[in-house]
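Worksheet for the structure shown next.
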Amino acid sequence: MDFIVASIAIRTIDGSLNDLKLSDYGAFSKMETSIQFEVQGCDNALIALHAKSSLSGPHYYIIIGGWGNTRSQISKAVTHEQLVYLSYKTDLLDCYTYKNFWISWEKGRIRVGSGNTLNDNVFLLYDDMCPFAIQEVMISTAWWRTVDWIFHPQAIPTQAASSMSTIIEAFYVKVSDCPTFEIISTFEIPLSAKCAVKCGLIDNCKGYQYNKESEVCILVSETAINGTLTTIYRLIE
């Protein structure tokens, strides 16, 4: 089966369209330990790595191209925000051209670099002695800027379709006589297609159930826990 990486375009606008959660766009799964993306904007691309999907609690706060595109930094917030790394590398962003970046956080080793290859061209780094798992990534901007982002999540199966949600959802078939499978995760999400996106980003997710009335998404593995028949959207492999 062929694979492509679906690109997800998001715009942030200070004052009207800010503090956007990447999971809402299918651009992040909490199973991931890195993200790769492109940014077009004059300055102030802001990324927060949160310990909770509610955006409360501890987080790392990353500024790329702040202070008029002259400074970038990492801060850590637990009880209060503390600057942990600062770089005066200039002109990282461009008003008219997309620039490639990546961020990784495995085992508390926070790294930010330019280009499209992980671990290359690092310009921000911080090793946290007491790290926390990242459950959500939020993007924003400041100083009345508009910043355009393109994210490149994990590869998904290719199919001629007009949107990422349609592509992913097409690779599931509704089956009414499945055994009950082990539940990986349960959460609320507004669309069945987004439930499919979440499943597609988790290696051991083999299907999902979705309740339109309650908007509850249940992700399941291929481990059958009993013979009770149930209906799921089963991944076609």
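Only this structure's heavy atoms are used, side chains among them; waters, hydrogens and symmetry mates stay out.
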Audit row: L49, V137, side chain to side chain contact (heavy atoms under 4.5 Å, CB included) steps and yes/no: CA-CA 5 Å; L49 310 178; V137 177; 3.8 Å; yes

Passes side chain to side chain contact (heavy atoms under 4.5 Å, CB included), C199 versus Y172? Steps please. CA-CA 10 Å; C199 185; Y172 294 85; 3.4 Å; yes

Could you please spell out the steps behind the side chain to side chain contact (heavy atoms under 4.5 Å, CB included) verdict for Y208 and K198? CA-CA 9 Å; Y208 69 93; K198 292 281 192 179; over 6 Å; no

Walk me through whether W149 and V147 qualify under side chain to side chain contact (heavy atoms under 4.5 Å, CB included). CA-CA 7 Å; W149 312 69; V147 174; 3.5 Å; yes

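No path of Ile, Leu, Val, Met, Phe, Trp and Tyr side chains, each step under 4.5 Å between heavy atoms, connects Y233 with L191, placing them in separate hydrophobic clusters. At a threshold of 4.5 Å between side-chain heavy atoms, the hydrophobic network of Ile, Leu, Val, Met, Phe, Trp and Tyr places L118 and F151 in one connected group. In this structure, L125 is a member of the same hydrophobic cluster as I110, with clusters built from ILVMFWY side-chain heavy atoms closer than 4.5 Å. Grouping the Ile, Leu, Val, Met, Phe, Trp and Tyr side chains by contacts below 4.5 angstrom, directly or via other members, places Y25 with I13.
Listed here is the closest heavy atom pair of T230 and Q209: OG1-NE2, 2.9 Å. Across all their heavy atoms, E182 and S221 have their closest contact at OE1-OG, 2.8 Å. Taking each heavy atom of C205 and L219 in turn, the nearest pair found is SG-CB, 3.8 Å. Heavy-atom minimum distance, V197 versus G26: CG1-CA, 3.4 Å. Minimum heavy-atom separation, A27 to P153: CA-CG, 4.0 Å.
No donor-acceptor pair under 3.5 Å is formed between the side chain of Y210 and the backbone N or O of A196. Side-chain atoms of S140 do not come within 3.5 Å of backbone N or O of N18 as any donor-acceptor pair.
Side-chain atoms of E136 and H59 form no donor-acceptor pair, as typed in the model, at a separation below 3.5 Å.
Residue pairs meeting the disulfide (SG to SG under 2.5 Å) criterion with at least one partner in residues 83-130, sequence neighbours excluded, are C42-C95. For the salt bridge (Lys or Arg N to Asp or Glu O under 4.0 Å) condition, no pair includes a residue of residues 17-27, sequence neighbours left out. Within the structure, every pair that satisfies the side chain to side chain donor-acceptor pair (under 3.5 Å) test and touches residues 41-55, not counting sequence neighbours, is listed here: D43-R145, S54-S56. Listed by first and then second residue, the side chain to side chain donor-acceptor pair (under 3.5 Å) pairs that reach into residues 101-123 are R111-D127, sequence neighbours excluded. Within the structure, ring-ring contact (aromatic ring centres under 6.0 Å, His included) contacts touching residues 120-148 (residues at least two apart or in different chains) are Y60-F132. Counting only residues at least two apart or on different chains, no disulfide (SG to SG under 2.5 Å) pair has a member in residues 47-84.
Just one residue in the list T146, T141, D148 forms a side chain to side chain donor-acceptor pair (under 3.5 Å) with R11, and that residue is D148.
Taking CD1 from I183 and CD1 from I218, the interatomic distance works out to 5.0 Å, rounded to the nearest 0.5 Å. Atoms CD and NZ, from Q135 and K30 in turn, are 5.0 Å apart once rounded to the nearest 0.5 Å. The structure places CD1 of I225 at 10.0 Å from CZ of F181, a figure rounded to the nearest 0.5 Å. Atom CD in E222 sits 9.5 Å away from atom CG in L235 (nearest 0.5 Å).
Residues satisfying the ring-ring contact (aromatic ring centres under 6.0 Å, His included) criterion with F28, sequence neighbours excluded, are absent altogether. Partners of S214 according to the side chain to side chain donor-acceptor pair (under 3.5 Å) rule, which considers only residues two or more places apart in sequence or in another chain, are N211. Take Q36 and apply the side chain to side chain donor-acceptor pair (under 3.5 Å) test, not counting sequence neighbours, and it matches no residue.
Residues I10 and L22 have side chains in contact (heavy-atom distance under 4.5 Å, counting atoms from C-beta outward). Looking only at side-chain heavy atoms (C-beta outward), T186 and V216 come within less than 4.5 Å of each other. Between I103 and F37 there is a side-chain heavy-atom pair separated by less than 4.5 Å.
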Enumerate donor-acceptor pairs with a distance under 3.5 Å from any side-chain N or O in residues 75-89 to protein atoms, sequence neighbours excluded.
residue: K76; atom: NZ; partner: D128; partner atom: OD1; Å: 2.9
residue: K76; atom: NZ; partner: D128; partner atom: OD2; Å: 2.8
residue: S87; atom: OG; partner: K89; partner atom: N; Å: 3.2

Could you pull out all donor-acceptor pairs under 3.5 Å where a side-chain atom in residues 63-73 meets a protein atom, sequence neighbours excluded?
residue: N69; atom: OD1; partner: L92; partner atom: N; Å: 3.4
residue: N69; atom: OD1; partner: L93; partner atom: N; Å: 3.1
residue: N69; atom: ND2; partner: L93; partner atom: O; Å: 2.8
residue: T70; atom: OG1; partner: W67; partner atom: O; Å: 2.6
residue: R71; atom: NE; partner: Q73; partner atom: OE1; Å: 3.2
residue: R71; atom: NH2; partner: Q73; partner atom: OE1; Å: 3.0
residue: S72; atom: OG; partner: G65; partner atom: N; Å: 3.0

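L55 forms part of a hydrophobic cluster together with M138, judged by ILVMFWY side-chain heavy-atom separations under 4.5 Å.
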